[in-house]
Amino acid sequence: MKTLIVYYSLEGNTKMIAECMAKELEADLQPLKPVKEISTGASKYLWGSAQILMKKKPEIMPMDKNPEEYDLILIGTPVWAFTYAPPIATFLSQVHLDQKSVAFFSCHGGQNGKTFQKLKEQLPTCQVLGEIDFFEPLKKDKDTSLQRARNWCQKLKNS
């Protein structure tokens, strides 16, 4: 099964998990890069939440991979204001994933909120094979998070 991992990562948590999963699944990686990135200081919470509340879809750099050419697409996101990050919203508005198999993963410092539920609402015709979230994987027991990611990928391979 040809697999693509599409992810956005501001502070590196989602990137670390995505890279681990790509290795385990022998998948291609497609990071999403906003043309104008928000800062990583304290203001990130204000700007990130504002983007969510105003349903902003920031412009992202062109992608190297065409998600429509893949059988399985994993979508990874940090959790902002209890949902997926705005660059993921941009991605979902630009691609057609009808009838694709998808799986979701998120990284957060508090709660996953309605992240997966909202992703499912955006992809109603997709078959969701799984979902998993990670609590601050770079700060809290990195090795356990990476092992959980590998184990989850093994389950995806067998589904």
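When side chains are defined from C-beta on, Q30 counts as touching D64, because their heavy atoms get closer than 4.5 Å. Considering only heavy atoms from C-beta on, P78 stays 4.5 Å or farther from E11 through its side chain. Looking at V95 and M63, their side chains come closer than 4.5 Å, going by heavy atoms from C-beta outward. Contact annotation: the side chain of Y84 approaches that of L92 to within less than 4.5 Å [non-hydrogen atoms, C-beta and beyond]. Contact annotation: the side chain of W80 never approaches that of I88 to less than 4.5 Å [non-hydrogen atoms, C-beta and beyond]. Under the 4.5 Å side-chain criterion, counting only non-hydrogen atoms from C-beta, L74 is in contact with L25. Looking at I60 and Y8, their side chains never come closer than 4.5 Å, going by heavy atoms from C-beta outward. Looking at heavy atoms from C-beta onward, F104 lies in side-chain contact with K120 at the 4.5 angstrom threshold.
In this structure, the side chain of N13 does not engage the main chain of S9 through any donor-acceptor pair within 3.5 Å. In this structure a side-chain-to-backbone donor-acceptor pair under 3.5 Å is present from D71 to K2. For the pair K139 (side chain) and G109 (backbone), a donor-acceptor distance under 3.5 Å is absent. The closest donor-acceptor contact from the side chain of R148 to the backbone of D133 lies under 3.5 Å. In this structure a side-chain-to-backbone donor-acceptor pair under 3.5 Å is present from T90 to P58. Checked by atom type and distance alone, the side chain of T3 pairs as donor or acceptor with a backbone atom of M1 at under 3.5 Å.
For the atom pair CD (Q99) and CG (L97), the distance works out to 11.0 Å, reported to the nearest 0.5 Å. Atom CG of residue L146 and atom CG of residue D141 lie 9.5 Å apart, to the nearest 0.5 angstrom. Between the CG atom in L119 and the OG1 atom in T83 there is a gap of 6.5 Å [rounded to 0.5 Å]. Once rounded to the nearest 0.5 Å, the distance linking CD of E68 with CG of D98 reads 9.0 Å. How far NZ of K15 is from CD1 of I5: 13.5 Å, rounded to the nearest 0.5 Å. To the nearest 0.5 angstrom, F105 atom CZ is 9.5 Å from C20 atom SG.
The cluster map of Ile, Leu, Val, Met, Phe, Trp and Tyr, joined by side-chain heavy atoms under 4.5 Å apart, puts Y7 and V102 in different clusters. Cluster membership check: M61 does not share its hydrophobic cluster with I75, using side-chain heavy-atom separations under 4.5 Å among Ile, Leu, Val, Met, Phe, Trp and Tyr. Note: the hydrophobic cluster containing V128 also contains I73 (ILVMFWY, side chain heavy atoms under 4.5 Å, direct or indirect links).
Among all heavy-atom pairs drawn from A18 and L29, the shortest one is O-CD2, 3.7 Å. Nearest heavy-atom pair, L32 versus P87, reported as atom, atom and distance to 0.1 Å: CD1-O, 3.7 Å. Residues L138 and G12 come closest through the heavy atom pair CD1-C, 3.5 Å. Between L72 and A103, the closest heavy-atom pair is CD1-N, 4.4 Å. Scanning all heavy atoms of the two residues, the minimum distance from G130 to W152 falls at C-CZ2, 3.5 Å. S106 approaches F116 most closely through the heavy-atom pair OG-CZ, 3.7 Å.
Summarising the local packing, CD of E26 is surrounded by 12 or fewer heavy atoms from other residues, nucleotides or ligands at distances under 6.0 Å. Enclosure of atom NZ in K155 is not indicated, since only 12 or fewer non-hydrogen atoms of other residues, nucleotides or ligands lie within 6.0 angstrom. Within 6.0 Å of CZ in F135 there are more than 12 heavy atoms belonging to other residues, nucleotides or ligands. Within 6.0 Å of atom NZ in K142, 12 or fewer heavy atoms from other residues, nucleotides or ligands are found, so the atom counts as exposed in its surroundings.
One finds no salt bridge joining K114 and E121 here, because no Lys/Arg side-chain nitrogen approaches an Asp/Glu carboxylate oxygen to under 4.0 Å.
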In sequence, state the C-alpha distance, the side-chain angles, and the governing distance for K100 and L4, and then conclude on side chain to side chain contact (heavy atoms under 4.5 Å, CB included). CA-CA 11 Å; K100 294 283 186 185; L4 177 66; over 6 Å; no
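Applying side-chain contact (heavy atoms from CB on, under 4.5 Å) to Q147 and the options N151, D143, T144 leaves one that passes, N151.
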